[in-house]
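A quick note: this is a predicted structure, and the numbers were derived from the prediction, not measured. Per chain, numbering begins at 1; letters A, B, ... match sequence-line order.
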Amino acid sequence: MAKENKKQVEQITDMEVDFAQWYTDVCKKAELIDYSSIKGMFIYRPYGYAIWENIQAELDRKFKETGHENVYLPMLIPESLLQKEKDHVEGFAPECAWVTLGGSEKLEEKYCIRPTSETLFCEHYKNVIHSHRDLPKLYNQWCSVLRWEKTSRPFLRHREFLWQEGHTMHATPEEAREETMRMLNVYADFLENVLAMPVVKGRKTDKEKFNGAEETYTVECMMHDHKALQSGTSHYFGDGFAKAFDITFTGSDNQLHHPHQTSWGVSTRMIGGIIMTHGDNNGLVLPPRIAPVQAMVIPVAQHKEGVLEAASALLERLKKAGIRAKMDSSDQSMGWKAAEYEMKGVPLRVEIGPKDMEKGQCCICRRDSGEKVFVPLSELEEDVKWLLDEVHKGLYARAKKNLEDHTRVCMTLEEVKTFMEREGGFAKTMWCGGLDCELAMKEQSGVTSRCMPLEQERVSDVCVCCGKPAKHSILWGVAY
RNA sequence: CGGGGUGUUGCGCAGUUGGUAGCGCGCCUGCUUUGGGAGCAGGAGGCCCGGGGUUCGAGUCCCCGCACUCCGACCA
């Protein structure tokens, strides 16, 4: 048997050699994605799309548990509608794509292909919200959106990408704020407990917040290369959009009020996060809870009598136990199959051959550690379930260690600079709250503010940049 | 949008002073194999990114585009 840490997959560039190339190699070799003829628009291949489907299924269930309903709104936004909220249109105008023709006729008014749907939801909410009895409205939409990005990378930045956008309306600011935090926590819980990605929850600075929002909250994750990936956002809008769109309701006090609004979203970008959080030099490593195939059964020496039947029996037992299992009985060699499913990140490989059959056992290999264990056939289902949980825990622990090892308290700008140059990661400092200091940090050490963590930790009394009294603890980093 | 790199068969590449294309992998057929990317034999597959030029003749030289990719800038 091969040594555990040996590199098995030669087609993938080592991440230490070239991280960006490694990432692209994994996307292509694991058959997640293909390039299309349109720059920045990608084809989600079956294996990549299946990951998204599993993410959708889990999240959709959580959204419904928290009282949300799915809707679907048009993909085109009239220019006049988009322009109703000033900050919002300023933020999105540079990356809008427009429809100007209907058939062969020029349209009276051009239509923007939705970059996000706040304006459409507002137009609709104006029609359906009249009384405090109509509130709250808790809507979610699964769809794709379009942003004309200048550069693109698989999963991380597409011109068209898949996402969900929640849009809710509430009678009071308190209720809306509560919703904003509820959904941030849904995302954090999902990332940690399903995707095995540890997060830092926090609030964005004014500079980094969503155009038109009063407050933007984020879950930030750290990738293998110590860069940050914003993996989900939740916005509190106050009544800004409601005023701009003239949405009112009559309260129980018989007075007219503007409702208070939230929106929140995650996208296929999370798949990029999975790749860069868990992947290794042999390819993709999938967290078991969203892996399209959790266990791949491989018959060894399958030409020998009874092997195929024994493997099929294992497959059936695993499926019956609710495990997403498949079998590869193609005539590829054992080595080829092992390498293939490592590259594709399948959490467990279940092998059975003549020797195992004699002993009444099978061999299970973990993708995360390469560790092989022999388990008695009688304990198959419970051991596989246990191992899937162990893989999840192992991945989480490893990612958590990466996050902690590369988060550094810094007292001076010099320290931040040195830290970013030497290893990179999250620099934890105090901050006065001023835009000038935020810009200076970017200018001098290349970092942007990632978030002001919800768990504030007073590491000093003065701002890391200007030395004036500090208002917040804050994380800085280089972001995707 | 700036700077670099790359466009030749499904993928990865070679192609000299210009002479009408080759290798490896993969694919197909057959036989032999099978506990970590198997071996032998045979076979199929190309508008050399596009458009102009120079030339008797362009994958190759010259101009102009386009795409991908990396690094910046930009990016709720």
Which one, B/A38, B/G36, B/C70, comes nearest to the side chain of A/Ala339? B/G36
Shortest side-chain distance from A/Pro354, nucleotide among B/G35, B/C74, B/G37: B/G35
A/Lys417/A/Glu421 salt bridge by N-O under 4.0 Å criterion: no
What is the nucleic acid contact for A/Ser333, judged by heavy atoms within less than 4.0 Å: base, sugar-phosphate only, or nothing? sugar-phosphate
What integer number of Å spans the P atoms of B/G2 and B/U16? 32 Å
Of the listed nucleotides (B/U34, B/G36, B/A76), which one gets closest to any side-chain atom of A/Arg349? B/G36
Could you state the atom-to-atom distance from CD of A/Glu90 to P of B/C75 in whole Å? 13 Å
Among B/A76, B/G35, B/G72, which nucleotide has an atom closest to any side-chain atom of A/Thr151? B/G72
Distance-only donor-acceptor check, side chains A/Tyr217 and A/Glu215, under 3.5 Å: yes
Can you tell me how far C1' of B/C25 sits from CE of A/Met343, to the nearest Å? 13 Å
Determine the Euclidean distance between corresponding P atoms of B/G52 and B/U60; express it in Å to zero decimal places. 14 Å
B/C27: pairing nucleotide in any strand, Watson-Crick or G-U under 3.5 angstrom: B/G43
Identity of whatever pairs with B/C66 - Watson-Crick or G-U, under 3.5 angstrom: B/G7
Taking 4.0 Å as the cut-off, does a side-chain nitrogen or oxygen of A/Tyr35 come that near to OP1 or OP2 on B/U69? yes
Considering only side-chain heavy atoms of A/Ala301, which listed nucleotide, B/U34, B/C75, B/A76, is closest? B/U34
Between atom NZ in A/Lys372 and atom P in B/G35, what is the gap in whole Å? 11 Å
Would you measure the distance from the P atom in B/G39 across to the matching atom in B/G26 and give it in whole Å? 8 Å
Side-chain ion pair, A/Asp280 and A/Arg367, N-O less than 4.0 Å: yes
Give me the distance, rounded to whole Å, that separates B/C23 from B/A14 when you measure between the C1' atoms they each carry. 7 Å
Per A/Lys39 side chain, nearest of listed nucleotides B/A76, B/C68, B/C70: B/C68
Integer angstrom distance from the C1' of B/A76 to that of B/G36: 47 Å
So what does A/Gly91 hit on the nucleic acid, given a heavy-atom distance under 4.0 Å: a base, only sugar-phosphate, or nothing? nothing
Taking the basic N atoms (NZ, or NE/NH1/NH2) and the acidic carboxylate oxygens, is any pair closer than 4.0 Å for A/Glu123 and A/Lys84? no
Selected nucleotide, minimal atom distance to A/Thr24 side chain, candidates B/A76, B/C70, B/U34: B/C70
What is the distance from CD of A/Glu215 to P of B/A76, rounded to the nearest Å? 18 Å
Would you measure the distance from the P atom in B/G10 across to the matching atom in B/G50 and give it in whole Å? 14 Å
Aromatic ring pairing A/Phe241/A/Phe245, orientation class (parallel under 30°, perpendicular over 60°, tilted between): parallel
For B/A38, which nucleotide is its Watson-Crick or G-U wobble mate, given both distances must be under 3.5 Å? B/U32
Between A/Glu160 and A/Ser144, does a side-chain hydrogen bond (donor to acceptor under 3.5 Å, both in side chains) hold up when you go through it step by step? CA-CA 6 Å; A/Glu160 183 191 15; A/Ser144 76; 2.8 Å; yes
According to a strict under-4.0 Å criterion, is A/Arg157 in side-chain N/O contact with OP1 or OP2 of B/C74? no
Pick the P atom in B/G59 and in B/C49, then give their distance to the nearest Å. 10 Å
Specify the separation, in whole Å, of atom CD of A/Gln332 and atom C1' of B/U33. 13 Å
Length of the CG-C1' vector between A/Asp328 and B/G37, whole Å: 13 Å
Using the side-chain heavy atoms of A/Phe92, tell me which of these nucleotides is nearest: B/G35, B/A67, B/A76. B/A76
Whichever of A/Lys442 and A/Arg269 has the more 5' nearest nucleotide on RNA chain B, that residue is A/Lys442
Please state whether the phosphate of B/C75, meaning OP1 or OP2, lies under 4.0 angstrom from any side-chain nitrogen or oxygen of A/Lys150. no
According to the interplanar angle, ranging from 0 to 90°, do the rings of A/Tyr236 and A/His260 count as parallel (below 30°), tilted (30 to 60°) or perpendicular (above 60°)? parallel
Mate of B/G2 where both pairing distances stay under 3.5 Å, Watson-Crick or G-U: B/C71
Could you tell me whether A/Glu220 and A/Lys204 have a side-chain N and a carboxylate O separated by less than 4.0 Å? yes
Nucleotide nearest A/Glu342 when distance is taken to its side chain, options B/A76, B/C70, B/G36: B/G36
Using a heavy-atom cut-off of under 4.0 Å over every strand shown, decide if A/Glu208 touches base, sugar-phosphate, or nothing. sugar-phosphate
Expressed as a whole number of Å, how far does the P atom of B/C25 sit from that of B/G53? 42 Å
Categorize A/Ala338 for me: base, sugar-phosphate, or nothing, with a 4.0 angstrom heavy-atom threshold over every strand shown. base
Give one of base, sugar-phosphate or nothing for A/Lys355, where a contact means two heavy atoms less than 4.0 Å apart. base
Within this structure, what is the CD-to-P distance between A/Gln302 and B/U34, rounded to whole angstrom? 12 Å
Heavy-atom donor-acceptor pair, A/Lys337 side-chain to B/G35 base, under 3.5 Å: no
What contact category does A/Phe161 fall into here, base, sugar-phosphate, or nothing, at under 4.0 angstrom with non-hydrogen atoms? base
Could you check whether A/Asp18 gets within reach of a base, just the sugar-phosphate, or nothing at all, counting any heavy atom under 4.0 Å? nothing
Residue matched to B/U17 through Watson-Crick or wobble contacts both under 3.5 angstrom: none
A/Asp189/A/Lys62 under salt bridge (charged side-chain N to carboxylate O under 4.0 Å, His left out): CA gap, chis, key distance, verdict: CA-CA 10 Å; A/Asp189 176 69; A/Lys62 287 179 188 243; 2.4 Å; yes
Expressed as a whole number of angstroms, how long is the span from A/Glu149:CD to B/A73:C1'? 13 Å
Proximal nucleotide (of B/G37, B/C75, B/G36) relative to the A/Glu95 side chain: B/C75
Could you identify the nucleotide paired to B/A76, looking across every strand shown and requiring Watson-Crick or G-U wobble geometry with both distances under 3.5 Å? none
